[in-house]
Amino acid sequence: MKRILAISLFLLAAVILAVPVAADTPYQGYTYDYWGRLVPAPAAYVPVRTFVASDICPTLGEFNEPSDIHVAPCETIIYIVDRGNNRIIGFDNQLNLIRVIDAFTRDGEADSFSNPNSIFVTPSGHKYIADTNNHRIVVLDGNGNFLRQITEPDVEELEDDFAFLPEQVLVGRSGRVLVIVQRVYEGMMMFSPEGDFLGYFGSIPVNASPLELLWRNFQTREQRAIQARIIPTEFQSMALDSYGFVLTTNIQPWGTNDQVMRLNPRGGNVIENFNDNVGIDGDQWFRPAGGWLTGPSQFIDIIARPYGKFSTLDSTRGRVYTYDAEGNLLYVFSGIGTLHGMTNRPVAIEMLGENIMILDAGRGRVVYFEPTEYGRLVNSAIAARHRGDEEDAVHYWRRLVSLDENFALAWAGIGRSMLASGDNVAAMYYLYRGMDMQHYSIAFRRHRIDVMHEALPAVLTVGIVLIAIVAGLRILVKVKGYQTAEDED
């Protein structure tokens, strides 16, 4: 799918056509319609505060190349991996310092981190830390005591110069440890709870671009063999959703694949995307006002949200894109810039309730966002729809279209409810406005059957009457003919 977006025209349309938003923001919200055209929309999230390390505790100094932010589900503690300072800082939502993890005791000796990249906290409070430059995953208990470490597996197929450089770590419901490792393209490395290597989990389908396919026609057999060993993509981030599925992001060549995968326990991608014209890939091309044409979005982080939703962070533009379980784009917010609510070099994203935090490594700070009325309505509508509460969902959809007539998903949501209630005529109207062709076809087919059922008795009655009249006339003609013949005789 290829989309070329002219931002200058978009900004002009946004000024003229955009509906009022709940709060002033330095960025414009938008979505895409059925044909992949950009449509202005109200802002779904607004920045409410920004904080740095010294706001948590003056003695902490400043963040130095922070790389990850994670909310512990068991403690409701926010952890930030301060990579440049080789430490992990834990604090609550009131910015009260809870703990600083910069050292631990292993086998009776002091140990520390070297360029840690990410952290994952299990419901039991165990902390898995990707200690990148020490080539290991460090596992600590809830009190920060050392439990074990996961190091490079003894696998024959690894190259001789391979170095175990873990970047992201995640623990599934079964206790399996998934690790994204630099220069590992077969998938995520998978370890048992005890640290034994189990194999690879998931894989990224690699598709050549049209230029690469053309170039292959001019390559020799040896050159094609070398090219086949060049794998251009690897996993960038991962998150565990409430159903136990693993959401991942990867950077694909432009116009080839969606960047998000939802992996089941077997590692198969089960994500759904019903709109072939708009993929789960953010913005493909974008021209800032007065600037140069930028490249496609690159999703470097992802968070799983309730009711099948997920949000991705784009390193190219600093924007957060939120999708529902069917791959529909719900809203977009934030961006690269110097104004409040924008970032310089975003590296990670996390949720605290319905609020969203973006970790900005460029300025060493965290930007904290809360939903607007529009954002809360979208989240509530998706939740009601996911629960099967159509009446409640329609209530939210109708409020949404009163704020944003361009929100196709809201029109489609009302249409699906009308379809479920049997009002096929109304369903056709709303589904057409929402460009939900699949359900529109169903509504049209049912409406056609209803019309046939209503008209069939009248048609049959008229037909029978006409047949009776014709038959009567023919009999009358024959009778008159016989009478005429007898009179002549």
Side-chain angles (χ1 to χ4, degrees), residues 67-73 79 81 83 116-123 126-132 137 139 150 164-193 197-205 231 233-252 257-271 280-282 297-306 308-315 320-323 325 327 346-351 356-359:
S67 57
D68 191 26
I69 182 170
H70 179 77
V71 175
Y79 288 96
V81 179
R83 180 173 55 185
N117 198 75
S118 70
I119 183 173
F120 184 88
V121 183
T122 67
H126 291 177
K127 301 168 183 60
Y128 288 72
I129 302 164
D131 192 9
T132 305
I137 301 293
V139 185
I150 299 174
F164 185 68
L165 297 172
E167 292 190 332
Q168 299 283 330
V169 59
L170 178 147
V171 182
R173 287 185 174 180
S174 63
R176 295 184 304 177
V177 182
L178 303 179
V179 184
I180 296 176
V181 183
Q182 292 182 23
R183 295 179 57 196
V184 173
Y185 306 103
E186 292 83 0
M188 290 168 279
M189 282 190 165
M190 182 170 55
F191 299 86
S192 70
F197 181 66
L198 301 177
Y200 298 98
F201 181 81
S203 61
I204 304 173
I231 303 178
T233 59
E234 59 183 311
F235 288 112
Q236 298 295 311
S237 64
M238 53 185 170
L240 187 69
D241 69 11
S242 58
Y243 305 101
F245 291 86
V246 178
L247 290 166
T248 66
T249 64
N250 60 86
I251 297 175
Q252 289 279 358
N257 278 84
D258 294 331
Q259 296 185 48
V260 177
M261 299 171 64
R262 177 180 277 117
L263 304 177
N264 61 21
R266 292 188 174 184
N269 184 21
V270 296
I271 199 167
I280 307 175
D281 50 13
S297 295
Q298 295 185 354
F299 292 160
I300 58 169
D301 200 12
I302 187 169
I303 50 174
R305 303 182 59 179
K309 301 195 305 295
F310 57 89
S311 295
T312 59
L313 178 63
D314 175 17
S315 63
V320 176
Y321 301 81
T322 298
Y323 299 85
V347 293
I349 183 175
E350 184 56 296
M351 289 202 66
I356 292 178
M357 296 174 287
I358 299 178
L359 180 60

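Computed from a predicted model, the values in this text were never measured in an experiment.
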Identify, with sequence neighbours excluded, every residue that meets ring-ring contact (aromatic ring centres under 6.0 Å, His included) alongside Tyr243. none
Would a distance-only check, ignoring hydrogens and angles, find a side-chain to backbone donor-acceptor pair under 3.5 Å from Thr249 to Ile302? no
Please check: side-chain N/O of Arg183 versus main-chain N/O of Leu165, any donor-acceptor pairing under 3.5 Å? no
Do the ring planes of Phe191 and Phe164 sit parallel (below 30°), tilted (30 to 60°) or perpendicular (above 60°)? perpendicular
For a quick test of reading the model, state the closest non-hydrogen atom pair linking [X] to [Y] and the distance between them.
| X | Y | answer |
| --- | --- | --- |
| Ala130 | Gln168 | CB-N, 4.5 Å |
| Leu170 | Met238 | N-CE, 3.6 Å |
| Ser237 | Ile300 | CB-O, 3.3 Å |
| Ala348 | Ser67 | CB-O, 4.0 Å |

Taking salt bridge (Lys or Arg N to Asp or Glu O under 4.0 Å) as the test, write out the residues that go with Asp301, two or more places apart. none
Just jot down the salt bridge (Lys or Arg N to Asp or Glu O under 4.0 Å) partners of Arg176, sequence neighbours excluded, or say none. none
Side chain to side chain donor-acceptor pair (under 3.5 Å) involving [X] - partner list, sequence neighbours excluded:
| X | answer |
| --- | --- |
| Thr312 | none |
| Asp241 | none |
| Thr132 | none |

Reference residue Tyr200; test side-chain contact (heavy atoms from CB on, under 4.5 Å); the match among Met190, Met188, Met189: Met189
